[in-house]
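As structure tokens, the structure follows; a few thoughts come after it.
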Amino acid sequence: MYNMDQYDGENDYMQQEDDWDRDLLLDPAWEKQQRKTFTAWCNSHLRKAGTQIENIEEDFRDGLKLMLLLEVISGERLAKPERGKMRVHKISNVNKALDFIASKGVKLVSIGAEEIVDGNAKMTLGMIWTIILRFAIQDISVEETSAKEGLLLWCQRKTAPYKNVNIQNFHISWKDGLGFCALIHRHRPELIDYGKLRKDDPMTNLNTAFDVAEKYLDIPKMLDAEDIVGTARPDEKAIMTYVSSFYHAFSGAQKAETAANRICKVLAVNQENEQLMEDYEKLASDLLEWIRRTIPWLENRLPENTMQAMQQKLEDFRDYRRLHKPPKVQEKCQLEINFNTLQTKLRLSNRPAFMPSEGKMVSDINNAWGNLEGAEKGYEEWLLNEIRRLERLDHLAEKFRQKAAIHEAWTEGKEEMLQKRDYETASLSEIKALLKKHEAFESDLAAHQDRVEQIAAIAQELNELDYYDSPSVNARCQRICDQWDTLGALTQKRSEALQRTEKLLETIDQLYLEFAKRAAPFNNWMEGAMEDLQDTFIVHTIEEIQGLSTAHEQFKATLPEADKERQAILGIHNEIAKIVQTYHVNMAGTNPYTTINPQEINAKWDKVRQLVPQRDQALIEEHARQQNNERLRRQFANQANVIGPWIQNKMEEIGRISIEMHGTLEDQLTHLRQYEKSIVNYKPKIDQLEGDHQLIQEALIFDNKHTNYTMEHIRVGWEQLLTTIARTINEIENQILTRDAKGISQEQLNEFRASFNHFDRDHSGTLGAEEFKACLISLGFDIANDAQKRTGIMDAEDFKTCLISMGYNLGENEFSRIMSIVDPNRMGIVTFQAFIDFMSRETADTDTADQVMASFKVLAGDKNYILADELRRELPPDQADYCIARMAPYSGPDAVPGALDYMSFSTALYGESDL
């Protein structure tokens, strides 16, 4: 085999290590394949010179066709060959060929002209392979690889989309023929129906690829399918030679396609520029023609005789401004944009600048547009002046019509209103209202005098200006003046009639008013009394019901005086009836000051008299109910005032037990369980209190002045007591577990408890952040420089320096790390159990990220990465899958496909990075 790494990139490219073993014979199968392949390859080039070879070792003996082959594949002329038939002539020709090969940077090892002239098949095949390597394979370059590696990489890239093709070498990877078919299908998919090929039919696959390549790709058939299928390992050089022909065939097509694309791109740019020039010329011509047609229309100043005609001209101008001109403005802008874009494209594509036709330059269009703007401005000013002139006359006429219409609308129905005799059946209040309404009308009439005068003045001005419709204006003005005189006479007559009727009704009105003034408050008093007597009351104490009873007795004492007021009000009503009957007054209705009548007063009075005894009975029954509620309050309070303090005392005792350190943890646990049993035995008293509370709730009692304890307080306290004793027992049990699991002595545990209790100054069972920091310092933790170090002790000077310099202030980063361990929920407090767990962790031996990392490195065979297969081989399936799913891909310089980063995974397990 050839070791391609042995070739020098410049002068030693063709140096071979063991490619041609001079002491061994070629494998017969390989020699056959090489003969066939190399012969076909040589003929594929020699046919360009009109010749070919039949026998590779015989036909190259005189050196003539060998020199011709080198001239064809290199494109260069070699030295003139010797035409003699003697051996010396042949050796000379072969040496010229070998010298030419050496001039191309190829070192020929053990290949001499005499051996070629003598027809040494082994040396001849080696020489042809050297030529193939230099001229067909050396120049292949894919990304940063070249020659054999480049050709292999090209094959892998081109066949990558084909799942049943895996090119790893130039021998057995090509035996099934799918590699050759995939290369053809990738570049010329119309030549092969790849979907019908089968991996288990290599003969069909190889024959298909070789036949298609020879017929459509001009690649001669260099091997037979039997040559490849019939050998365990096809000859690598034959396969490389065949595959290189595919590479050159497809790379040449790609170059032609690139050249065609470049030409198309240039032509497309040129065509686009020409189209932009044509578009500019057309758009410029259209815009200039529109300006030429529009300017004469704007310069026309012939006035119209009517306002309507002038307004139509103005409307046409507005349409021009709104509809016709804006698109032209856009066209002008687009024209300038197209011109600038075209010039830029021409400049970028190295074309000469575009020069529009004469008179169609951007400056020419701007000048024409300026003339259009000037004509437009003068036209608009002329239209406005003409409209203002006609507007004056139309304005006066419209003003006359508006004022006349307003006046006529105001006078409509006024004569009928002034002639009505509605005051004859009106009450005094209605008479007064009619008088005020009439006074308001008189004021309104006087105010309209100015409008009538304005109407007459406008009519006079229209006559003086010779308004075309003056006759109709004059007739309308006369009608308005005649009606105005009539309204004045009727207004005076109605005013006198209203004043006479007013005096007649004033006496009766005074009595009505007196009745209303006294009946209203008395009626309100009776309604309030009925409301109070029927009002449902809600009381919670005896004092409240006694207050209601006292108020009710005071109300009953006012009833005789109220009855006198009732009789006086009824007397006023009787006097009114007497006056109406005596003077035959035509009463239009009832009392205008009130809706209250004597029948209503008497009915409400009777209702008040009925409600008084009913109220008496309700107050008596409520008094009895409140006495029973007071008894229930006292019964509940007597028990609650005993149970509440008892619960509080027990809570304090449990707190003291959890702080004190008498005996071993097992002794403390036994003592707490006995204490828990005594607490549970107190439950019947709680149940009894619940029963009394139920009676209070059924009686709807909401407060109790005899005690500060509610049932909810008792329940919460009882639950807290049970929870506290259970939690304290659990803490002792956890301390036992921690002590036994971590190997902490009783003396260490006592030391931890003493330190914790010392800094738990409020006896809450927890430490704040600063208290916890001070506690750590007292136990010898020196973390001021963010690096934890346990010495077990701290001498006096170190402790003094720490306290003075930091005021119990540890290094912020390290302390934050510790707090994240003991207070993961960021509550700002540290429980004793968390404190014990932390201290146990700090004093016990645990695994570290470095240890896990070292273990992974063992499994990986001392590599910086590990593969999935290695994990599945060494770990249980579920744990291997867990690692594979969470390990990030390894991206180091020595990475291989599928490499996993076990280092970041190990640090993430211990919270030192993200998993």
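The chain is numbered in sequence order, starting from 1.
Among pairs with a residue in residues 165-187, those fulfilling salt bridge (Lys or Arg N to Asp or Glu O under 4.0 Å) read D176-K199, at least two apart in sequence or across chains.
A distance of 6.0 Å or more separates the ring centres of Y902 and Y890.
Rounding to the nearest 0.5 Å places CD1 of I884 at 12.0 Å from CD of Q879. From K158, atom NZ reaches atom NE2 of H187 across 4.0 Å, with rounding to the nearest 0.5 Å. How far CG of L178 is from CG of N205: 4.5 Å, rounded to the nearest 0.5 Å. A distance of 10.0 Å separates CG in L900 from CZ in F856, rounded to the nearest 0.5 Å. Considering CD1 of I736 and CD of E666, their distance stands at 4.5 Å, rounded to 0.5 Å. In this structure, M240 CE and N169 CG are separated by 11.5 Å, a value rounded to the nearest 0.5 Å.
When side chains are defined from C-beta on, V165 counts as touching Y194, because their heavy atoms get closer than 4.5 Å. Side-chain contact between F905 and C883: present, with at least one pair of heavy atoms (C-beta onward) separated by less than 4.5 Å. By the 4.5 Å heavy-atom criterion applied to side chains, I167 and W174 are counted as neighbours. Between M887 and D901, the closest side-chain pair of non-hydrogen atoms is not below 4.5 Å. Looking at heavy atoms from C-beta onward, I228 lies in side-chain contact with I239 at the 4.5 angstrom threshold. Between D235 and H171 the shortest side-chain heavy-atom distance does not fall below 4.5 Å. You'll find the side chain of T241 reaches within 4.5 Å of the side chain of W129, heavy atoms only.
For N730 (side chain) and A726 (main-chain N/O), no donor-acceptor pair under 3.5 Å exists by modelled atom type. Listed for the T37 side chain is no donor-acceptor partner under 3.5 Å among the backbone atoms of Q34. Remark: side-chain polar atoms of E874 are not paired, donor with acceptor, to backbone N or O of L859 under 3.5 angstrom.
Using bins of under 30°, 30° to 60° and over 60° for the plane-to-plane angle, the ring pair F180/F246 lands in the tilted bin.
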- [ ] Carefully, step by step, assess K148 and E236 under the rule salt bridge (Lys or Arg N to Asp or Glu O under 4.0 Å).
- [x] CA-CA 11 Å; K148 177 181 178 180; E236 182 179 51; 2.9 Å; yes

Open item on the list: The test is side chain to side chain contact (heavy atoms under 4.5 Å, CB included); show your working for N164 and L197 and say whether it passes.
Closed with: CA-CA 10 Å; N164 53 356; L197 301 177; over 6 Å; no

TODO: Could you walk me through whether M903 and T907 pass the side chain to side chain contact (heavy atoms under 4.5 Å, CB included) test, one step at a time?
DONE: CA-CA 7 Å; M903 297 183 182; T907 58; 6.0 Å; no

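Of all the heavy atoms in P202 and V229, the pair that sits closest is CB-CG2, 4.1 Å. In plain terms, the two heavy atoms of A232 and I172 that are nearest each other are O-CG2, 3.7 Å. Considering all non-hydrogen atoms of both residues, C155 and F170 come closest at SG-CE2, 4.4 Å. The shortest non-hydrogen separation linking W718 to I679 is CH2-O, 3.1 Å.
With sequence neighbours left out, the salt bridge (Lys or Arg N to Asp or Glu O under 4.0 Å) criterion links K196 to D193. By the side-chain contact (heavy atoms from CB on, under 4.5 Å) test, Q720 is found to be paired with M651, V716, residues two or more places apart in sequence or in another chain being considered. Listed by chain and residue number, R198 satisfy the salt bridge (Lys or Arg N to Asp or Glu O under 4.0 Å) test with D200 (two or more places apart in sequence, or in another chain). Scanning for side-chain contact (heavy atoms from CB on, under 4.5 Å) contacts around P189 gives H185, with sequence neighbours left out. A search for salt bridge (Lys or Arg N to Asp or Glu O under 4.0 Å) contacts involving E733 returns R673, not counting sequence neighbours. Remark: T159 engages no residue in a side-chain hydrogen bond (donor to acceptor under 3.5 Å, both in side chains) (not counting sequence neighbours). The side-chain contact (heavy atoms from CB on, under 4.5 Å) test applied to S855 returns no partner, not counting sequence neighbours. Partners of Q168 according to the side-chain contact (heavy atoms from CB on, under 4.5 Å) rule, which considers only residues two or more places apart in sequence or in another chain, are Q156, N166, S173. Under the salt bridge (Lys or Arg N to Asp or Glu O under 4.0 Å) criterion, R715 pairs with E690, E712, not counting sequence neighbours.
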Residues 862-872, side-chain donor-acceptor partners within the protein, below 3.5 Å, at least two apart:
from, atom 1, to, atom 2, distance (Å)
K863, NZ, A860, O, 2.6
K863, NZ, E870, OE2, 2.8
E870, OE1, L867, N, 3.0

Using residues 209-226 as the side-chain source, report each donor-acceptor pair under 3.5 Å to any protein atom, sequence neighbours left out, with the distance given to one decimal.
from, atom 1, to, atom 2, distance (Å)
D218, OD1, R47, NH2, 2.6
D218, OD2, R47, NH2, 3.2
D224, OD2, K36, NZ, 2.6

